[in-house]
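Below is one structure, written out as structure tokens; comments come after it.
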Amino acid sequence: MTVINNYLCKGCGYCVKFCPKHILEMGSERNKRGHFYPVNIDEEACTSCAICAKVCPEGAIELPEKGEN
């Protein structure tokens with residue numbers, strides 16, 4: 001399960017661009033800082049590869065350790 005800290009997100013879109021499953025997209029709502037943030041549109045298709053978390057320059061994305069979900 002992808003956990004996105006909406007407040008930290010600056011809306012760069014790297015997570016959306018680099019997701020190999022194409023399950024992230026920029027949402028239509030803005031965070032408190034005024035940035036659009038990504039949403040996971042198919043949580044079941046997520047393989048927890050963590051590429052989204054690795055490319056996020058703000059550290060706004062976390063994935064649980066194996067066995068925590």
Side-chain angles (χ1 to χ4, degrees):
M1 179 171 102
T2 309
V3 178
I4 301 170
N5 183 328
N6 300 337
Y7 181 75
L8 291 178
C9 180
K10 66 178 183 181
C12 69
Y14 289 156
C15 57
V16 174
K17 180 177 179 178
F18 291 104
C19 176
K21 292 290 188 174
H22 307 288
I23 59 172
L24 295 175
E25 67 180 29
M26 294 309 286
S28 59
E29 295 183 29
R30 295 180 187 264
N31 62 16
K32 291 183 180 181
R33 296 169 52 190
H35 304 293
F36 291 105
Y37 54 88
V39 293
N40 188 325
I41 57 172
D42 189 357
E43 192 68 52
E44 291 181 19
C46 180
T47 61
S48 298
C49 67
I51 291 174
C52 57
K54 292 174 187 173
V55 300
C56 180
E58 302 302 312
I61 301 176
E62 296 180 21
L63 281 90
E65 295 293 324
K66 289 186 178 183
E68 285 186 25
N69 46 351

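- How far SG of Cys15 is from CD of Glu58: 11.5 Å, rounded to the nearest 0.5 Å.
- Listed here is the closest heavy atom pair of Ala60 and Cys9: CB-N, 3.9 Å.
- In this structure, the side chains of Ile61 and Thr2 come closer than 4.5 Å at one or more pairs of heavy atoms.
- Within the 3.5 Å criterion, the main-chain N or O of Tyr37 finds no donor-acceptor partner in the side chain of Asn31.
- You'll find the side chain of Cys52 reaches within 4.5 Å of the side chain of Leu63, heavy atoms only.
- Atom SG of Cys12 and atom NZ of Lys17 lie 10.5 Å apart (nearest 0.5 Å).
- Residues Pro57 and Lys10 form a side-chain contact, since some pair of their non-hydrogen atoms from C-beta on lies under 4.5 Å apart.
- Within a 6.0 Å radius of CZ in Phe36, other residues, nucleotides and ligands contribute more than 12 heavy atoms.
- Hydrophobic cluster membership differs between Val16 and Ile23, with clusters built from Ile, Leu, Val, Met, Phe, Trp and Tyr side chains linked at under 4.5 angstrom.
- Cluster membership for Tyr14 and Met26, using ILVMFWY side-chain heavy atoms within less than 4.5 angstrom, is not shared.
- One finds the CD atom of Glu62 at 10.0 Å from the SG atom of Cys56 (value rounded to the nearest 0.5 Å).
- Screening Asn40, Asp42, Ile41 against Leu24 for a side chain to side chain contact (heavy atoms under 4.5 Å, CB included) leaves a single residue, Asn40.
- The number of heavy-atom neighbours closer than 6.0 Å to CD of Glu44, taken from other residues, nucleotides and ligands shown, is 12 or below.
- Note that CG of Leu8 and CZ of Arg33 are 7.0 Å apart. Values are rounded to the nearest 0.5 Å.
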